[in-house]
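Comments concern the structure below.
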Amino acid sequence: MNALCLPDHLAPLLMHIEPLLAAADKYQLGEAVSMDWSGSEVVDIHLEGTTFKVAFNPSESEAQGLEVRDQWIAPYPTLAEMQQQVAANPALVVCGLPTEQGCVDIWHHLGEARAVYCHHAGASEPQRAMLLAALALDYPLEDAVTLSRAHARGYLESHADGYGETGWPMTRALFPRPLTANHPECDELGWASKEVAVSPFATVERDKLALYPVVDTAQWVTRLLDLGVKTTQLRIKDPSEPTLPAQITTIVEAGKQHGAQVFVNDYWQLAIDNQAYGVHLGQEDLETADLAAIQQAGLRLGLSTHGYYEILRAAEFAPSYIALGHIFPTTTKDMPSKPQGLNRLALYQKLIGDAFPTVAIGGIDLSRAERVWRTGVSSVAVVRAVTQADDPAKAIAAFEDILVRNPAE
Ligand SMILES: Cc1ncc(COP(=O)(O)OP(=O)(O)O)c(N)n1
Ligand SMILES: Cc1nc(C(=O)O)sc1CCOP(=O)(O)O
Ligand SMILES: [Mg+2]
C-alpha cells in the first residue's frame with residue numbers, strides 16, 4: 001500500500017485529498033493510498049520501494065525532495081526566468097505562476113522545463129491536494145501537475161459537465177494546454193519552445209483502423225497485407241540495417257496496392273522520400289523531426305503517449321492518431337514508464353473522446369483484446385500476439401472477430 005503523510009500545517013488539505021483518493025479507488029487508478037501524519041514540516045510519500053518528500057514554498061534551509069512554489073505574491077518573476085530556473089533545478093515545481101491572462105505550471109524534464117498553461121487559475125488547496133494524491137497514486141510528476149491544474153479548475157466548476165461524478169477530472173475542456181510552439185500564446189508569454197508550429201496532419205480512415213500489427217520486416221508487412229490487414233507498421237530499430245531503405249520502398253508500394261494504411265516507425269525522412277502513407281513517432285521525436293515537412297508531404301502522423309501530459313502535448317500537434325501505451329507489461333521493448341492498465345486507459349480515452357483516433361499498445365493479446373476494445377479505443381496495436389502466434393492468420397482472424405464496431409458507435 002502507498003502512503004501519503006502530511007505535516008500538521010497541511011491538515012486542511014485532508015478534506016480535499018480524501019475524495020480524490022476515493023475517486024481513484026472507485027476507478028481503480030492505482031494502489032490504495034493510506035493517509036498519515038509526517039511528523040515533520042514536509043510531506044512524505046511512500047511508494048513501493050521508494051520514499052520522497054514534497055515541500056511547499058520551503059526556505060532554502062528547509063528544501064528537501066520536490067520544492068513546490070505556489071501561492072504567488074507580486075511582483076512575479078517572468079515566465080522566461082522561471083523556465084530557466086526550472087531547467088536548472090530538477091527539484092523545482094512551479095504551480096500557478098500568474099500571467100496576464102491566466103497561470104502557468106512548470107516542472108523539470110530531462111534538463112529542460114516543461115509547462116502547461118490555463119486561463120483559469122482555480123483554487124489553490126484543491127490543486128495541492130490533487131498534486132499530492134496523484135503523486136501518491138504513482139502518477140509521474142508531469143501527470144500529477146497536469147491533473148492538479150485540471151482539478152483546481154474543475155473544483156470551482158464543481159459538478160459541471162465533464163467533471164465526473166466523483167470529482168476526478170475527465171474531459172479535455174477542464175485540462176490545461178501544454179506550452180508548445182503550436183500554442184497561439186507561446187511567444188507572447190515568452191516561453192521558449194524547441195518544437196516548431198505545424199498545421200493539422202492528414203486523417204486516417206477510421207474504418208480501416210482496428211487491428212494494427214507492428215512488425216520488423218517488409219516480409220511481415222506484405223504477409224499481413226495479403227491476409228487482409230488494413231493498418232500496419234514497419235518498426236526496424238536498427239538504423240544501420242543495410243536493407244532499411246529498400247524495405248521501406250517495398251512496404252510503401254505494397255500498402256498502395258492493397259489500399260492499406262502502412263506506417264513507417266522512426267524514419268520520417270525515408271518515409272517522405274518514399275511518399276509513405278504515414279509515420280509513427282515518439283515523444284522525443286517531436287523536438288527533432290521536421291514535422292512541417294511530414295505534414296506538407298501529406299503523410300499521416302501517429303504519436304506515442306504514456307500519460308495525461310503526453311496525450312495533451314501530442315494533441316497540440318493535431319496528429320492523425322494518438323497511441324496510448326503501454327497498457328500491460330511487455331517484453332518487446334524496454335519501457336521507462338509503468339503499465340497503464342485498463343482503468344487509466346479508459347480515462348485517457350474519455351479525455352481524447354472523438355478528437356483523434358486512438359491506438360492502444362503494449363502487452364495486448366487475444367485474451368485481453370476485448371477488454372481493451374471496450375474502453376472505446378479506435379485500434380489495438382500488437383507485436384508478439386501476431387508475430388509469435390503459432391498461426392498468425394488464425395490470430396488475425398480471431399482479433400478481427402473481437403475488434404468489431406457496433407454501427408451505432
Ligand atoms: C502504434 C504504435 N504505438 C507506439 C509505438 C512506440 O513508438 P515510440 O515511442 O517511438 O517507440 P519505438 O517504437 O520507436 O521504440 C509504436 N511504434 N507504434
Ligand atoms: C513498440 C511499443 N511501444 C509501446 C509503447 O507503449 O509506446 S509498447 C510497444 C511494444 C508492444 O509490443 P507487444 O504487443 O509485443 O507487447
Ligand atoms: Mg520511435
Side-chain angles (χ1 to χ4, degrees), residues 110 140 143 201 204 208-217 220-221 224 229-239 241 244 248 251 260-271 276-289 291 294 299-311 313-314 317 319-342 344-345 348-349 352 356-369 372-373 377-389 392 395-396 399 403:
L110 302 175
D143 287 356
F201 286 83
V204 291
K208 289 185 181 170
L209 273 183
L211 177 63
Y212 181 171
V214 175
V215 292
D216 61 1
T217 61
W220 257 116
V221 171
L224 293 168
V229 166
K230 286 296 175 206
T231 302
T232 183
Q233 181 190 126
L234 178 65
R235 176 177 180 268
I236 296 175
K237 286 312 290 181
D238 179 4
E241 165 59 49
L244 181 64
I248 291 178
I251 59 148
Q261 313 190 125
V262 178
F263 285 82
V264 175
N265 185 47
D266 292 343
Y267 307 107
W268 55 270
Q269 188 63 65
L270 284 171
Y277 179 83
V279 189
H280 183 94
L281 295 178
Q283 290 278 320
E284 64 289 352
D285 303 315
L286 285 172
E287 290 170 8
T288 54
L291 297 185
I294 299 169
L299 271 59
R300 284 83 187 159
L301 176 70
L303 288 179
S304 295
T305 70
H306 306 91
Y308 283 106
Y309 170 75
E310 290 190 359
I311 290 169
R313 181 181 187 221
F317 296 92
S320 313
Y321 70 76
I322 293 181
L324 305 167
H326 56 306
I327 309 306
F328 300 105
T330 179
T331 53
T332 301
K333 178 178 167 181
D334 276 342
M335 299 299 305
S337 50
K338 300 202 172 129
Q340 304 284 344
L342 286 166
R344 289 190 185 191
L345 173 66
Y348 298 146
Q349 176 59 40
I352 298 168
F356 301 99
T358 51
V359 178
I361 186 167
I364 304 173
D365 59 16
L366 274 169
S367 70
R368 291 166 163 164
V372 173
W373 195 239
V377 294
S378 321
S379 175
V380 168
V382 297
V383 180
R384 289 164 301 151
V386 164
T387 58
Q388 293 182 13
I396 289 165
F399 271 113
L403 310 182

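Values below: all heavy atoms of this structure, side chains included; hydrogens, waters and symmetry mates excluded. We count ligands from 1, going down the list as the structure has it; atoms in each ligand are counted the same way. Position 1 is the first residue of the sequence; numbering continues from there.
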Ligand-residue contact atoms, ligand 2 with [X], heavy atoms, under 4.0 Å:
X	result
G325	6 (O)
G363	13 (P), 14 (O), 16 (O)
V382	14 (O)

Nearest protein heavy-atom contact for [atom]: which residue, which atom, what distance?
atom	value
atom 1 (C) of ligand 2	R235 NE, 3.4 Å
atom 5 (C) of ligand 1	H280 NE2, 3.2 Å
atom 9 (O) of ligand 1	S304 OG, 3.0 Å
atom 11 (O) of ligand 1	K333 NZ, 2.6 Å
atom 18 (N) of ligand 1	Q233 NE2, 3.0 Å
atom 4 (C) of ligand 2	I361 CG2, 3.9 Å

N/O separation below 3.5 Å, [X] to ligand 1:
X	answer
N265	yes
D285	no
V214	no
E284	no

(message) With respect to the Mg ion (ligand 3), please indicate if E284 possesses an N, O or S atom at a distance under 2.8 Å.
(response)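 Not a single backbone or side-chain N, O or S atom of E284 is under 2.8 Å from the Mg ion (ligand 3).
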(request) Assess V214 for proximity to ligand 2: is some non-hydrogen atom of it under 4.0 Å away? (result)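 For ligand 2, residue contact (heavy atoms, under 4.0 Å) with V214 is absent.
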(message) Please determine whether a side-chain nitrogen of the Lys or Arg among K237 and D216 lies less than 4.0 Å from a carboxylate oxygen of the Asp or Glu.
(response)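 Judged by the 4.0 Å cut-off on N to carboxylate O distance, K237 and D216 do not form a salt bridge.
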Among [options], which one puts a heavy atom closest to [atom]?
atom	options	answer
atom 3 (N) of ligand 1	G325, G302, A323, G362	A323
atom 8 (S) of ligand 2	A385, A323, A381, G362	G362
atom 14 (O) of ligand 2	V383, V386, V359, T332	V383
atom 7 (O) of ligand 2	H306, H326, Q388, H280	H306
atom 16 (O) of ligand 2	T330, N265, T331, V380	T330

(request) Could you check whether the rings of F263 and Y212 sit parallel, tilted or perpendicular, using 30° and 60° as the cut-offs? (result)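 Aromatic pair F263/Y212 classed tilted.
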(request) Please verify whether a non-hydrogen atom of K237 lies at under 4.0 Å from ligand 1. (result)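 Judged by the 4.0 Å heavy-atom criterion, K237 does count as contacting ligand 1.
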(request) Mind checking whether F263 contacts ligand 1 via backbone (N, CA, C, O), side chain (CB onward), both or neither, at a 4.0 Å heavy-atom cut-off? (result)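 No part of F263 comes within reach of ligand 1.
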(message) Heavy atoms only, cut-off 4.0 Å: how does R235 contact ligand 1, side chain, backbone, both, or neither?
(response)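 Near ligand 1, R235 shows its side chain, while the N, CA, C and O stay back.
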(request) Run the numbers for me: atoms of ligand 1, each under 4.0 Å from some heavy atom of D266, listed by number. (result)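 Taking each heavy atom of D266 in turn, ligand 1 has 14 (O) under 4.0 Å.
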(request) Could you list the atoms of ligand 1 found under 4.0 angstrom from a heavy atom of Y212? (result)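 So the atoms of ligand 1 that pass are 1 (C).
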(message) Any nitrogen or oxygen of M335 lying under 3.5 Å from a nitrogen or oxygen in ligand 2? Just yes or no.
(response)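 In fact, backbone or side chain, M335 has no N or O that close.
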(request) Return yes or no for this condition: an N or O of S304 is under 3.5 Å from an N or O of ligand 2. (result)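 Checking ligand 2 against S304, no N or O pair falls under 3.5 Å apart.
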(message) Restricting to side-chain hydrogen bond (donor to acceptor under 3.5 Å, both in side chains), what partner residues turn up for H306, sequence neighbours left out?
(response)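 If we apply the side-chain hydrogen bond (donor to acceptor under 3.5 Å, both in side chains) test to H306, skipping adjacent residues, the hits are E310.
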(request) Report yes or no: do R313 and Q283 form a side-chain donor-acceptor pair below 3.5 Å? (result)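 Checked: R313/Q283 side chains pair up, N/O donor to acceptor below 3.5 Å.
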